[in-house]
Amino acid sequence: MHAIVITQPGGPEVLSWQEVPDPVPGPGEVLIDIVASAVNRADVLQRQGLYNPPPGATQVPGLECSGVIAAVGEGVDGLRVGDEVCALLAGGGYAEKVVVPWQQVMPVPKGVPLVEAAALPEVTCTVWSMVFMAARLRRGETLLVHGGASGIGTMAIQLAKAFGAHTVVTVGSAEKAERCLALGADEVINYREEDFAEKVKADVILDIIGGKYLPRNVDALNIGGRLIIIGLQGGTRGELHIGKLLTKRASIHAAGLRGRPVEEKGAIVRSVVENVWPLVESGAVQPVIYARVPIDQAAWAHQMLESGGHVGKILLAR
Ligand SMILES: NC(=O)c1ccc[n+]([C@@H]2O[C@H](COP(=O)([O-])OP(=O)(O)OC[C@H]3O[C@@H](n4cnc5c(N)ncnc54)[C@H](OP(=O)(O)O)[C@@H]3O)[C@@H](O)[C@H]2O)c1
């Protein structure tokens, strides 16, 4: 098969579409003929040599895909050759084929084209597991989402709205603000012009900045607030005022999805299919797709992501 190989750490130009050995499904795994994948910010870090795949995972980038099951390994029940699926991957999505544990495979929500389903696994599993399973966002609470126009942000806005939360997002431009409001955000803060900590008190904060925002995120928490850090675009270190956290009886949780054991990912995937797929099938939540790039031109897709003009997901389609 062909796959994108990272020839050496570097810029988008190190992504090369090459012939590599076909993956073979082992016990408990399925082989998917990939129809589409999608770009995540983590793929850029991996390309730059700053984010290694977890032990045992392929070096081929790509954390999600949609496609058709081509083979099933021993001990896989309920999935058959020919099924149209999408999947949460530990890697390997930028390719013609991928093997994945059956627990990380999901049906394509009814009404969603197979290609577009590739935009769903990473953002739905991340937002659902962090905001709803970990932070237990409740109806009527306020959610602050940093980077509202990101792949993650566009899903967080829609899910929070569907579950009756008040959503405030930060963005870096007026155009992105418009898009977030259209997706259902209740308030938008342009972080280049205003300090979010002076504008909002939130019960849950979904943060992708990390160190640089830590003090102000704590300031922006309500009593009993939960700060969930999933990205470190503003660095890994920040100063924490423990006194403020204590007074607010607040908590901070930082977590990644990619390195978790298969059983844990499987539990998240099942919960997403149970709780999020009905919303996708009703049209209340939709994949937000900015562009569709041929998979062998992943370098172009990375340039697009890094230039920062996108809203939502960039698909890699075959
Ligand atoms: N922990 C996990 O398991 C997990 C899973 C998926 C994603 N993530 C993380 O979530 C983040 C988003 O991922 P993605 O793939 O959706 O990326 P993406 O679409 O490239 O989005 C990155 C976003 O960061 C925003 N941003 C940059 N500087 C900002 C600032 N100072 N304040 C607020 N927003 C800022 C940009 O918005 P503007 O142009 O408006 O500035 C952009 O929308 C990444 O950090 C990624 O690593 C973590």
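Whatever order the structure lists ligands and atoms in, that order sets their numbers, starting from 1.
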**Student:** So does Ala135 get a backbone contact from the side chain of Arg226, meaning a donor-acceptor N/O pair under 3.5 Å?
**Tutor:**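 Side chain of Arg226 to backbone of Ala135: a pair is present.
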**Student:** Classify the contact between Ser173 and ligand 1 as side chain, backbone, both or neither, using a heavy-atom distance cut-off of under 4.0 Å.
**Tutor:**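 Near ligand 1, Ser173 shows nothing, with every heavy atom at 4.0 Å or more.
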**Student:** Which heavy atom of the protein is the closest neighbour of atom 40 (O) of ligand 1, given with residue, atom name and distance?
**Tutor:**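 I find the closest protein heavy atom is Gly172 N, 2.7 Å.
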**Student:** Assign the ring pair Tyr290 / His310 to parallel, tilted or perpendicular, where the plane angle (0 to 90°) is split at 30° and 60°.
**Tutor:**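 Ring orientation of Tyr290 relative to His310: perpendicular.
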**Student:** Please list the nearest protein heavy atom to atom 30 (C) of ligand 1 with its residue and the distance rounded to 0.1 Å.
**Tutor:**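 Checking every protein heavy atom, the shortest distance to atom 30 (C) of ligand 1 gives Tyr213 OH, 3.3 Å.
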**Student:** So, are Lys313 and Glu64 salt-bridged, with charged N and O less than 4.0 Å apart?
**Tutor:**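 Looking at Lys313 and Glu64, the cut-off is met.
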**Student:** Is there a heavy atom in His310 that sits closer than 4.0 Å to ligand 1?
**Tutor:**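 His310 counts as a contact of ligand 1 under the 4.0 Å cut-off.
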**Student:** Tell me, which protein residue and heavy-atom name are nearest atom 28 (N) of ligand 1, and how many Å apart are they?
**Tutor:**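 Result: Tyr191 OH, 3.6 Å.
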**Student:** Side chain, backbone, both or neither: which applies to Thr170 and ligand 1 if a contact is any heavy-atom pair less than 4.0 Å apart?
**Tutor:**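 Side chain only.
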**Student:** Specify side chain, backbone, both or neither for Arg258, according to which of its non-hydrogen atoms lie closer than 4.0 Å to ligand 1.
**Tutor:**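 Near ligand 1, Arg258 shows nothing, with every heavy atom at 4.0 Å or more.
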**Student:** To which protein heavy atom is atom 37 (O) of ligand 1 closest, and what is the distance rounded to 0.1 Å?
**Tutor:**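 For atom 37 (O) of ligand 1, the nearest protein heavy atom is Lys176 NZ, 3.9 Å.
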**Student:** Where is the nearest protein heavy atom to atom 4 (C) of ligand 1: which residue, which atom, and how far?
**Tutor:**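 Here the nearest protein heavy atom works out to Ile230 O, 3.8 Å.
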**Student:** If you measure only the distance, is there a donor-acceptor pair under 3.5 Å linking the side chains of Gln18 and Ser16?
**Tutor:**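 Short answer, yes.
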**Student:** Which protein heavy atom lies closest to atom 10 (O) of ligand 1, and at what distance to 0.1 Å?
**Tutor:**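 Nearest protein contact, heavy atoms only, for atom 10 (O) of ligand 1 is Ile208 CG2, 3.4 Å.
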**Student:** Taking a cutoff of less than 4.0 Å between a non-hydrogen atom of the residue and any ligand atom, is Ala255 in contact with ligand 1?
**Tutor:**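 Checking ligand 1 against Ala255, which is what was asked, there is a heavy-atom contact under 4.0 Å.
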**Student:** Nearest protein heavy atom to atom 3 (O) of ligand 1, by residue and atom, and its distance?
**Tutor:**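 Minimum-distance protein heavy atom for atom 3 (O) of ligand 1 reads Leu257 N, 2.9 Å.
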**Student:** Around atom 20 (O) of ligand 1, find the nearest protein heavy atom and jot down its residue, atom name and distance.
**Tutor:**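 Going atom by atom, the protein heavy atom closest to atom 20 (O) of ligand 1 ends up being Arg41 NE, 2.7 Å.
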